2 protein chains.
Amino acid sequence: MAMERKQRVTLEDVAREAGVSTMTVSRVVNNTGRISQSTRQHVQSVIATLGYRPSRAARALVTNKTSMVGVIVPDITNPYFSKIVQGIEDVASERNHSVLLVNTNETPSREEAALNQLDDSTIDGLIACSSRLPTDILISLLERHSAVVVINRSMPNHIASCVLPSHQFGYRSYLAARYLAQHGHTKIGFIYLKRSVGVMSIEEFIARLASDGIPIKREWCTLSLPTWEAGYNIGKQHIAAFPELTAVIGGNDLVALGIMRAAVEAGRRIPEDLAIIGGDDILLASQVTPPITTYHVPTYDIGVMAARLLFKRMEGDTVYREYIYTETLIERGSAP
Amino acid sequence: MAMERKQRVTLEDVAREAGVSTMTVSRVVNNTGRISQSTRQHVQSVIATLGYRPSRAARALVTNKTSMVGVIVPDITNPYFSKIVQGIEDVASERNHSVLLVNTNETPSREEAALNQLDDSTIDGLIACSSRLPTDILISLLERHSAVVVINRSMPNHIASCVLPSHQFGYRSYLAARYLAQHGHTKIGFIYLKRSVGVMSIEEFIARLASDGIPIKREWCTLSLPTWEAGYNIGKQHIAAFPELTAVIGGNDLVALGIMRAAVEAGRRIPEDLAIIGGDDILLASQVTPPITTYHVPTYDIGVMAARLLFKRMEGDTVYREYIYTETLIERGSAP
DNA sequence: AGAATGTTAGTTAGCGTTAACGTACATTAG
DNA sequence: CTAATGTACGTTAACGCTAACTAACATTCT
């Protein structure tokens with residue numbers, strides 16, 4: 001008794017069974033060209049009974065299109081990025097495209113590896129979020145791709161469309177510092193992220209605030225990974241090391257929350273002893289006690305717009321486009 | 001001046017340039033077969049200068065392997081799932097596989113569409129999380145795939161390996177109810193999810209508790225989507241409709257948090273006026289005030305194990321395997 | 001020395017599609 | 001009535017790669 005091997009049903013099988021050419025079947029499947037009603041229906045019924053499913057690989061080989069878009073994020077676990085991915089996925093699925101997700105765990109080397117592996121033969125377009133790579137490396141990697149959209153990073157040579165905040169990077173933390181100063185704070189700490197200063201260096205950040213009459217010491221500023229754990233650990237050290245601080249800015253909400261937890265454990269009252277401002281406005285920020293003052297970012301829309309810009313590019317539009325979003329301050333209990 | 005069209009560099013280009021056959025180049029690229037050191041190095045240098053990158057599509061067509069695994073989740077925005085995806089992605093990337101993510105937004109039709117589109121020619125294996133589809137439909141859809149792992153759902157015919165909680169589904173809510181009863185609560189509400197009763201119907205749930213001497217009225221139990229918003233909205237109605245309740249179980253933490261918010265807005269003190277228990281133990285649960293009593297679920301490990309089981313299957317192992325995880329009660333302030 | 005074995009390569013034939021062109025027949029226009 | 005125009009399909013040749021086989025040559029063994 002011969003083992004029935006599960007065999008792929010090909011276009012040719014359908015064509016033979018239906019008594020037509022493979023091209024006819026192909027045209028029915030793709031709904032292209034002109035086909036008579038009767039032939040179409042007949043072929044469709046044969047397809048159904050045989051259970052034919054087109055081979056994506058073969059199709060990709062000849063058309064050079066894979067119906068997949070790549071998405072690179074540093075941390076899918078961060079609600080900020082998962083919301084963006086959700087937006088991207090919604091648009092992609094609407095257009096019958098799949099999402100190839102690469103989660104780099106905040107590791108530049110893994111990001112580079114991912115960009116190296118992915119290329120035209122894998123995906124039709126690419127959306128890169130908050131790349132940690134230096135611009136020149138990033139550009140060389142993105143050059144392989146015919147359609148690219150970059151989130152939160154401008155591309156000087158217009159090699160990609162961009163989704164950007166209305167302020168330059170780091171600006172929201174600058175605004176947060178001014179907000180705190182206006183509310184009487186003079187000793188303000190800053191637990192910043194690589195990307196939260198972006199094009200602005202932490203030194204520029206300090207200098208700029210100094211010229212506004214807001215003196216911030218360099219040691220009050222510490223680099224952190226954009227995770228709750230990092231915020232918590234650095235927060236603990238920070239609070240112990242600089243008891244004079246009356247306010248702290250977190251690079252994002254996760255970090256701000258970690259700081260807040262550390263502060264509470266150290267016996268500080270929020271906001272009386274220590275005011276805290278975050279960024280991103282993830283769900284968590286509004287639910288804790290006190291709720292966190294933060295900058296709202298329209299993450300879902302960012303994903304949607306990035307995907308739309310990408311599809312524009314994939315459709316051959318070579319015009320450089322930007323989608324600008326605004327971050328708005330949400331005043332809540334942690335820094336009233 | 002002729003436009004230089006960006007042209008793909010093929011194996012043949014490399015072979016011609018290096019003065020060898022395409023097979024030799026292929027062997028160098030794939031590191032298979034025996035190649036002399038000198039030839040290998042020569043070919044590699046030609047590959048580097050020409051910037052050759054293998055075509056995934058062509059490779060997939062001939063090998064029938066795509067180096068991609070599909071992952072279907074209902075809501076990537078839910079930390080529960082994003083953690084699982086992170087675990088899967090880590091294992092996959094370790095083995096040079098990419099993750100094709102499908103986010104169904106809790107919509108069964110979209111899930112079915114996704115399972116329909118994906119098949120062997122797209123992915124080498126599939127991990128399905130918490131499918132909302134009826135078993136028979138799910139089975140018929142999974143049959144197309146050579147390697148499948150299902151999370152939080154048993155597959156009667158062993159068509160897929162499984163990652164399962166040590167208790168049958170719904171059991172943790174049952175335990176939560178018993179816990180609350182032991183702490184003196186007699187009027188316990190339950191905002192449940194489709195999957196939180198799983199194989200157990202809500203009627204069975206009530207009957208079982210009744211036989212334990214814990215009478216729960218049917219109207220105290222309401223179905224909810226597994227989101228914060230749903231929990232909040234249903235929580236508001238529930239609290240207004242059944243002021244007699246002294247405790248509520250949420251199907252997961254997001255729902256429990258929504259309920260808690262609604263309760264606080266209605267002037268209830270937690271836990272004095274209303275005790276709340278959630279499930280999953282997402283970060284949020286430990287950070288709110290009061291922190292939420294919940295069942296911890298090792299989500300990252302679930303993802304890792306699911307991926308490992310999947311790779312076992314992809315490597316040809318046809319043994320049915322299960323990975324069983326335990327959910328442990330974390331007592332916190334919302335239900336001490 | 002001759003046979004057996006090992007090593008390094010080349011040759012051939014697809015994998016399952018679709019683009020581009022070709023052909024037969026029916027319809028309309030002049 | 002012939003020529004022009006459609007309509008509905010069929011044919012052929014790739015797309016870029018690798019499995020499977022073959023070939024040449026070097027090495028070892030008896």
Side-chain angles (χ1 to χ4, degrees), chain A residues 5-44 46-47 50-68 117 119-124 144 146, chain B residues 5-44 46-47 50-68 117 119-124 144 146:
Chain A
R5 282 247 141 246
K6 204 156 130 191
Q7 198 81 29
R8 167 166 277 279
V9 180
T10 70
L11 261 190
E12 218 174 322
D13 298 331
V14 176
R16 192 179 311 120
E17 183 69 22
V20 297
S21 75
T22 59
M23 265 319 291
T24 302
V25 181
S26 173
R27 284 192 265 253
V28 170
V29 171
N30 295 303
N31 211 15
T32 60
R34 313 201 59 83
I35 298 277
S36 73
Q37 266 303 317
S38 60
T39 314
R40 158 167 289 122
Q41 285 179 359
H42 178 222
V43 170
Q44 275 168 342
V46 173
I47 286 175
L50 260 55
Y52 166 74
R53 344 206 66 244
S55 154
R56 281 225 209 190
R59 202 177 255 176
L61 182 58
V62 53
T63 61
N64 241 333
K65 300 253 161 292
T66 59
S67 294
M68 290 196 259
Q117 276 208 355
D119 73 335
D120 294 357
S121 75
T122 315
I123 54 177
D124 295 342
R144 303 198 213 300
S146 40
Chain B
R5 284 245 140 245
K6 203 156 129 192
Q7 197 82 29
R8 166 167 279 279
V9 179
T10 70
L11 261 189
E12 216 174 321
D13 299 331
V14 176
R16 191 178 312 119
E17 182 70 23
V20 297
S21 75
T22 59
M23 266 319 291
T24 301
V25 181
S26 172
R27 284 192 265 253
V28 170
V29 171
N30 295 302
N31 210 17
T32 60
R34 313 200 59 82
I35 299 276
S36 74
Q37 266 304 317
S38 60
T39 316
R40 156 167 291 121
Q41 283 178 1
H42 178 222
V43 170
Q44 275 168 343
V46 173
I47 285 175
L50 259 55
Y52 166 75
R53 344 205 67 243
S55 153
R56 279 225 212 190
R59 203 177 254 179
L61 183 57
V62 53
T63 61
N64 243 331
K65 300 251 161 291
T66 60
S67 294
M68 290 196 259
Q117 276 208 354
D119 73 335
D120 294 358
S121 76
T122 314
I123 54 178
D124 295 342
R144 307 199 211 298
S146 41

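These numbers come from a predicted model, not from an experiment.
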Under 4.0 angstrom between Thr24(A) side-chain N/O and dG10(D) OP1 or OP2: yes
Distance check needed: dC9(D) P versus His42(A) NE2, whole Å only. 12 Å
So which heavy atom on Ser121(B) is nearest to which on Thr66(B), and how close? O-CG2, 3.4 Å
Tell me the closest heavy-atom pair linking Gln117(A) and Arg53(B), and the distance in Å. O-NH1, 4.1 Å
Take atom CD1 of Ile35(B) and atom P of dG6(C), then tell me their distance rounded to the nearest Å. 19 Å
Specify the angle, to 10°, made by the local axes at the two ends of the helix from dA1(C)-dT30(D) to dG30(C)-dC1(D) when five pairs are taken at each end. 40°
Minimum heavy-atom separation for Leu61(A) and Ala58(B), please, with both atom names. CD1-CB, 3.5 Å
Which heavy-atom pair separates Val29(B) from Arg59(B) by the least distance, and what is that distance? CG1-NH2, 3.4 Å
Working to the nearest 0.5 Å, report the span between CZ of Arg16(A) and CG of Leu11(A). 11.5 Å
Across the strands shown, which category fits Thr39(B) at heavy-atom distances under 4.0 angstrom: base, sugar-phosphate, nothing? sugar-phosphate
In whole angstroms, the gap separating P of dT5(D) from CZ of Arg34(A) amounts to 17 Å
Expressed as a whole number of angstroms, how long is the span from Arg40(A):CZ to dA8(D):C1'? 11 Å
Determine the minimum heavy-atom distance between His42(B) and Ala18(B), stating which atoms define it. CE1-O, 3.0 Å
Listed pairs, N/O of protein and of nucleotides 13-21 of chain C, under 3.5 Å:
{"residue": "dT17(C)", "atom": "OP1", "partner": "Tyr52(A)", "partner atom": "OH", "Å": "2.7"}
{"residue": "dT17(C)", "atom": "OP1", "partner": "Ser55(A)", "partner atom": "N", "Å": "3.1"}
{"residue": "dT17(C)", "atom": "OP2", "partner": "Leu11(A)", "partner atom": "N", "Å": "2.7"}
{"residue": "dT17(C)", "atom": "O5'", "partner": "Tyr52(A)", "partner atom": "OH", "Å": "3.3"}
{"residue": "dT18(C)", "atom": "OP1", "partner": "Asn30(A)", "partner atom": "OD1", "Å": "3.2"}
{"residue": "dT18(C)", "atom": "OP1", "partner": "Asn30(A)", "partner atom": "ND2", "Å": "2.7"}
{"residue": "dT18(C)", "atom": "OP1", "partner": "Arg59(A)", "partner atom": "NE", "Å": "2.9"}
{"residue": "dT18(C)", "atom": "OP2", "partner": "Ser26(A)", "partner atom": "OG", "Å": "2.5"}
{"residue": "dT18(C)", "atom": "OP2", "partner": "Asn30(A)", "partner atom": "ND2", "Å": "3.4"}

Asp124(B): partners by salt bridge (Lys or Arg N to Asp or Glu O under 4.0 Å), with sequence neighbours left out: none
For Tyr52(A) versus Val14(A), what's the shortest heavy-atom pair and its separation? CB-CG2, 3.6 Å
